[in-house]
Amino acid sequence: MEEDKKPEPRARLRTAGLVVACGLIGFVAVALGLMLADAAILYAMESSGGQPMLYVMERAEVQPEWGVIVPLTERDFADHPALDAVIRGEEKNPSAWEWGMSDQRFIGGTNVSYAESRALQDAYGPDRETGLYLHLEYEGAYYVVVTTWP
Amino acid sequence: MDPDRKRLIVVGIFAFVGVILLVATVVLVCTTLVAWISGSSGSPGLSVWEVRGERLGNASIIHLTEKNFEQHPALDSVIRGENRAPLPWDLESTPHDDPDERTIGHAPVTYVERSVLIESFGTDFEAQNRPYLEYDGAYYYLLVSIP
């Protein structure tokens, strides 16, 4: 009798281990599938004819509670040539402070690809947890980056 | 095959398929909810009117350049593109019911484009000192509506 009962817990353990292992493999398969689907969607969007835009606004003053302030470096401009063109290049086209909110103005905008729009949003868009925009500081001025995803 | 091993294989396959179905359902439900919430409120719209006459006397004028049209494709599409559909001058269907105004066209815009247009051209309804935009000898003003 004793010998007959012994293998049961071991078999249960083996079954449980197998379920967990197969579940994990399933989870990894779904994650890979989602990554593949994401890449396919990005590719489809790029060939859809839609035109994402990068826009940059300037803020006259920034209070610490409005969000994090990040100094822009040459590395940022090298990584994101579109940002360089809008803040200090040929796409800079500032509006007057008096239109819209008086402490904010339009600095410029340019066409970007969907991949660039997402990369800019990830790097300089609102914080995922707090929802607050990053304020980018360059030569004493404060900028906010917004992108469109048509 | 050993029945124990057979049972293990079946359980393993069920676990694999079960996890895939569970994760896929959660992702699908989240995506559908986000799409439904963002789609249910509609999108803002840009409207453009042309003006003439005395109102232009003391107004601020912004001369539109090619750069403005490149950076604001919706404005381009209404003033000189596929969304341009001007109505006659004598129709009093404009915000001010003024015979010196006529409707030029409308285009949908995103919330980001809306705030960019407001900052660039002062197009919100509350603005008292609204600028007029000049292009090719004609004068326009814009409003961006929220759904």
Side-chain angles (χ1 to χ4, degrees), chain A residues 7 11-12 14-34 37-38 41 50-59 86 90-111 117 121 125 144-150, chain B residues 2 4-5 7-28 30-31 38 43 60 62 64-74 76-77 108-124 126-131 133 142 144:
Chain A
R12 275 193 183 168
R14 205 166 54 164
T15 311
L18 189 83
V19 168
V20 171
C22 287
L24 274 179
I25 294 171
F27 192 78
V28 171
V30 173
L32 285 175
L34 286 177
D38 188 57
I41 287 171
Q51 181 52 70
M53 296 286 296
L54 156 72
Y55 292 117
V56 178
M57 314 286 252
E58 184 180 348
R59 283 268 170 94
V86 172
E90 69 275 15
E91 300 299 342
K92 185 169 181 165
N93 183 24
S95 69
W97 288 100
E98 62 184 302
W99 311 131
M101 287 157 66
S102 56
D103 61 348
Q104 183 168 292
R105 67 172 177 164
F106 173 77
I107 282 297
T110 188
N111 296 345
S117 174
Q121 188 69 17
V144 172
V145 165
V146 285
T147 58
T148 62
W149 183 270
Chain B
D2 176 9
D4 239 21
R5 177 158 289 205
R7 198 169 61 94
L8 275 183
I9 290 173
V10 171
V11 168
I13 290 172
F14 270 116
F16 181 76
V17 175
V19 167
I20 287 186
L21 284 180
L22 188 72
V23 178
T25 312
V26 169
V27 170
L28 196 69
C30 289
T31 316
S38 54
S43 67
S60 306
I62 295 173
L64 289 176
T65 61
E66 282 304 315
K67 182 72 73 193
N68 291 126
F69 287 122
E70 270 170 41
Q71 292 177 333
H72 306 287
D76 192 359
S77 80
V109 289
T110 61
Y111 281 93
V112 166
E113 286 176 295
R114 171 183 172 269
S115 59
V116 165
L117 283 165
I118 289 174
E119 288 307 325
S120 303
F121 306 118
T123 54
D124 50 345
E126 290 77 21
Q128 296 299 311
N129 177 27
R130 185 184 296 124
L133 314 182
L142 330 172
V144 198

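Reminder, nothing fancy here: chain letters follow the sequence lines and each chain counts from 1.
- Heavy atoms only, all atoms of each residue included: A/Cys22 and B/Gly12 are closest at CB-O, 3.2 Å.
- Taking CD of B/Glu119 as the reference point, atom CD of A/Gln104 lies at 4.5 Å (rounded to 0.5 Å).
- Below 30°, between 30° and 60°, or above 60°: for A/Phe106 and B/His72 the angle between ring planes is between 30° and 60°, a tilted geometry.
- Contacts of B/Ile62 with chain A are made by side-chain atoms alone, with heavy-atom separations under 4.5 Å and no backbone atom involved.
- Using a 4.5 Å cut-off between heavy atoms, A/Ala96 contacts chain B through its backbone alone, with no side-chain atom that close.
- Between B/Ser120 and A/Trp99 there is no side-chain heavy-atom pair separated by less than 4.5 Å.
- Annotation: side chain of A/Thr110 is not in contact with side chain of B/Gln71 (no heavy-atom distance under 4.5 Å).
- Rounding to the nearest 0.5 Å gives a distance of 5.5 Å between CG of A/Asn93 and OG1 of B/Thr65.
- Within the 4.5 Å cutoff, side-chain heavy atoms of A/Thr15 are placed close to those of B/Arg7.
- Put simply, the side chain of A/Met53 does not reach to within 4.5 Å of the side chain of B/Val116, judged on heavy atoms.
- Heavy atoms closer than 4.5 Å to chain B are found in both the backbone and the side chain of A/Met101.
- Remark: B/Val23 engages A/Phe27, A/Val30, B/Val19, B/Val27 in a side chain to side chain contact (heavy atoms under 4.5 Å, CB included) (not counting sequence neighbours).
- Taking the side chain to side chain donor-acceptor pair (under 3.5 Å) definition, one finds that A/Ser117 meets it with nothing, sequence neighbours left out.
- Proximity to chain B (any heavy atom under 4.5 Å) is shown, for A/Leu24, by neither the backbone nor the side chain.
- Using a 4.5 Å heavy-atom cutoff, the side chains of B/Phe14 and A/Val19 are not in contact.
- Chain B forms more heavy-atom pairs under 4.5 Å with one residue of A/Gly33, A/Ala31, A/Gly26 than with any other, namely A/Gly26.
- Residues A/Glu91 and B/Lys67 are paired through a salt bridge, judged by an N-O separation under 4.0 Å between the basic side chain and the carboxylate.
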